[in-house]
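So that the names make sense, note that chain A is the first sequence line, chain B the second, and so on, each numbered from 1.
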Amino acid sequence: MCSLCGVLGCDDHWTSAIARSGVYTRNTDRLSRRREAANRKKLANALLEPWRLKLAEWQGTSYVLSSPTGNTRVFESLAHLWPEAEAMSGRSFDPLDPDFLGRLRDRP
Amino acid sequence: MSVETRAASPTPINLLTGFLGSGKTTLLQRLLADPAMGNAAVLVNEFGEVGLDHHLLDRIDDNVVLLKSGCLCCTVRGEVADALQRLHSQRARNEIPWFDRVVIETTGLADPFPALSTIQSHPVLRSHFSIANVVVTVDAVNGGRQIQERMEAVRQVGAADVVVITKTDMDEAEDTENLVARLHRLNPAARHVIAQEARAEDFLVDASAGRSEDWLRDALQAVEASEAATGHHEYAHAHHDHAHASVQSFSLAIEDRIDWTAFGMWLTMLLNRHGDRVFRVKGILDIEGEDRPVAVHGVQRLVHPPVHMSAWPDARRQSRIVFIVDGLDPARIEESFHVFNRLSEKVLGPNQTPLRRAG
């Protein structure tokens, strides 16, 4: 359970680490946590767009990844996003792939 | 001080690894004689039927646990977790002497990553223990050859925070300076010490803030040294003269301010696809909207919780990321980083985070 908001389960990925002394995280108060989650979702969707996959959030506790054919996968941590997306689409998502980078660069 | 108060901060764990016969136990035995290490519990991992090393460590036998099942990289992950949990609960019940540190000595074949990953992702352990550092022994007699021939040795050195060079006093020892130079090229961000000069302080680093200040200094020195050596402005890199010539370290110097969301997404995606070829990432980042630098630190697919540093070490405020990779193109990694960083501006807009305060 998240000790800050009381929600059951929370993303324990390093980008949203539990707020402790000396740790950098935006998982601090409700507003900053929600804003970061919204930004993360927008950015992930921009990256997933070429494969027509979509990421949504469920109740601030889970992510829901869906394909155009209605296939859905639910997971709790951002750590699972890329393995799930790869399993769903049967492709590898490589941030060093020149075509992928080209598409991101040309994005308006 | 009550048990509850003492247990409130996570107990630091030192992971000691190195090739078979590279002097891990000898080093540990000597360091444990230091009063500062007097309250350390030790987990010894033995490959084979009969463990011998624990006989050498009988001075603190109350707190020595011998893991019997062999290779740490596959079979023993659960056993490490069980042993740590057992130590933790026995300490809480006062059944064993109080310990304020755990040293895990692994078998020589182990890649340190699985043990690190087990500790950090275990739902119970991660609240009670934290990884202080990875200490790797390399012996001056066989170390050079092992690095040339064995990928396991390269991985161990790549994951190290401290590299201890042992057996330099033996007749068969190869040129120590040459070995140090090679190790330095392989992992410029680690501290390199000769075993005879190793002190308990090399182990006694704080698990969070203190360590981060250390690696900030080390990483900066590494970047400056390699930049001075190559005269390269954008990123400096060093190729290696061992059989795994594809392993190299390099650093990115980034002028733009970094969007935290984009950086997290980028590094997560990079490590998902190429984590087994990224031995080490260490970085000091100038995050958009933050006055103070943020330090990140990863070994293969594992990234430690990012650390909010107390201050910039110099007036430059320049982000720097040190990578040790196997067969990945530094230029492509740099290009990918910038594409992601700019993407966040396109997708999220320029003013998503609070502006940096004046002064």
Side-chain angles (χ1 to χ4, degrees), chain A residues 1 3 9-28 31-32 35-49 55 76-87 91-108, chain B residues 9-10 120-121 123 126-127 130 206 208-210 212 259-274 285 287 289-290 292-298 301-310 328-329 332-333 335-340 342-344 346-349 352-354:
Chain A
M1 187 169 78
S3 57
C10 64
D11 189 349
D12 60 356
H13 191 245
W14 61 272
T15 50
S16 43
I18 293 162
R20 276 192 198 160
S21 164
V23 170
Y24 180 73
T25 179
R26 292 183 176 167
N27 187 6
T28 47
L31 193 62
S32 116
R35 183 169 51 207
E36 186 61 16
N39 285 348
R40 203 181 295 138
K41 194 186 78 175
K42 265 196 231 167
L43 200 59
N45 277 320
L47 296 170
L48 291 165
E49 202 175 59
L55 185 71
E76 284 185 4
S77 166
L78 191 63
H80 301 157
L81 170 59
W82 300 112
E84 292 285 6
E86 288 182 344
R91 297 159 182 268
S92 63
F93 289 68
D94 185 356
L96 304 182
D97 173 18
D99 294 339
F100 177 59
L101 290 179
R103 249 183 306 202
L104 295 182
R105 204 183 290 110
D106 296 340
R107 203 176 189 280
Chain B
S9 59
Q120 188 158 306
S121 58
R126 68 179 182 203
S127 310
S130 60
D206 188 83
S208 53
S212 66
D259 179 83
W260 178 246
T261 316
F263 179 80
M265 203 60 86
W266 174 72
L267 191 58
T268 304
M269 204 175 175
L270 181 72
L271 296 181
N272 173 61
R273 190 95 304 270
H274 300 291
L285 310 177
I287 298 291
E290 300 295 339
R292 293 182 285 139
V294 173
V296 289
H297 178 208
R301 288 197 172 81
L302 175 90
V303 181
H304 295 283
V307 174
H308 210 174
M309 311 291 301
S310 50
L328 297 176
D329 178 9
R332 187 68 64 71
I333 291 177
E335 183 197 356
S336 173
F337 168 83
H338 286 294
V339 168
F340 272 68
R342 282 176 203 137
L343 180 71
S344 74
K346 291 183 199 171
V347 176
L348 307 175
Q352 283 301 309
T353 45

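Heavy atoms of Phe340(B) lying under 4.5 Å from chain A belong exclusively to its side chain. Contacts between Leu302(B) and chain A at a heavy-atom distance below 4.5 Å are absent for every atom of the residue. Of the two parts of Val303(B), the backbone and the side chain both hold a non-hydrogen atom closer than 4.5 Å to a non-hydrogen atom of chain A.
Most heavy-atom pairs under 4.5 Å with chain A, from the set Leu343(B), Asn272(B), Val347(B), Ile333(B): that is Asn272(B). Between chain A and the residues Glu335(B), Lys346(B), Arg273(B), the most heavy-atom pairs under 4.5 angstrom are made by Arg273(B). Most heavy-atom pairs under 4.5 Å with chain B, from the set Pro83(A), Ala46(A), Pro108(A), Ala85(A): that is Pro83(A).
Listed by chain and residue number, His13(A) satisfy the side-chain hydrogen bond (donor to acceptor under 3.5 Å, both in side chains) test with Thr268(B) (two or more places apart in sequence, or in another chain). Residues satisfying the side-chain hydrogen bond (donor to acceptor under 3.5 Å, both in side chains) criterion with His274(B), sequence neighbours excluded, are Asp94(A).
Within the 4.5 Å cutoff, the side chain of Tyr24(A) has heavy atoms near those of the Ile287(B) side chain. Side-chain atoms of Ser16(A) and Arg40(A), non-hydrogen and from C-beta on, do get closer than 4.5 Å to each other.
Within 6.0 Å of atom CZ in Arg91(A), 12 or fewer heavy atoms from other residues, nucleotides or ligands are found, so the atom counts as exposed in its surroundings.
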